[in-house]
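When a ligand or atom number is given, it counts from 1 through the structure's own listing order. Every value quoted in this text rests on a predicted model; they were computed, and no experiment measured them.
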Amino acid sequence: MHDRETLKNWLRDAYAMEQGLVRTLRRQAEHADEHPHVRRKLEEHAALTENQASRVAGCLDRLGEDPSKVKTALGAVEGVMSGMMSAVAGDDVVKDALACYGAESFEIACYRALSVGARALGEDEIATTCEAILGEEEQMAQWVEQNLPSLVRDYLQAGATAGTR
Ligand SMILES: [Fe+2]
């Protein structure tokens with residue numbers, strides 16, 4: 001059976017992922033100027049993501065790992081997200097919503113794996129933290145799912161009104 005090293009590695013990845021996502025979410029919030037409710041939600045989720053990063057750091061700390069030594073260079077999720085940034089004029093907010101949904105889905109999978117892994121290794125406190133974060137990511141994914149239709153309609157309508165698309 002794999003040991004705590006695997007759990008540490010997964011937590012390191014999660015930490016780097018959250019750090020990268022804080023930057024991405026802030027950038028996306030700037031794109032959403034014309035959609036105040038989206039902007040607010042993205043800013044709120046950026047702040048929550050920062051808090052998630054510090055909770056993951058706490059888990060690393062428990063395992064004797066120094067979170068400040070974790071490399072937070074461009075993570076997998078950030079790569080996927082920037083790969084989807086080929087926006088047509090004005091549709092960034094729609095593209096961002098797709099990327100955000102993808103990122104949240106990936107996070108959900110990561111925290112599900114982490115919580116099961118931590119539980120299996122008897123690290124109940126880490127498992128509980130990961131389950132709490134998992135619930136937050138599920139809520140964010142649900143928010144994107146619920147708001148995507150109106151974002152798409154608004155975008156198309158704005159184009160139709162301006163006669164530019
Ligand atoms: Fe997150």
Side chain to side chain contact (heavy atoms under 4.5 Å, CB included) involving Ala57 - partner list, sequence neighbours excluded:
Tyr15, Pro67
Could you tell me whether the side chains of His45 and Glu104 share a donor-acceptor contact shorter than 3.5 Å?
yes
Does the Arg4 side chain pair with the main chain of Leu121, one donor and one acceptor, at a distance under 3.5 Å?
yes
For Glu30 and Arg39 the tightest heavy-atom approach is CA-NH1, 4.2 Å
Side-chain ion pair, Glu18 and Arg23, N-O less than 4.0 Å:
no
Donor on one side chain, acceptor on other, Glu131 and Tyr111, under 3.5 Å
no
Around the Fe ion (ligand 1), how many protein N/O/S atoms fall inside 2.8 Å?
5
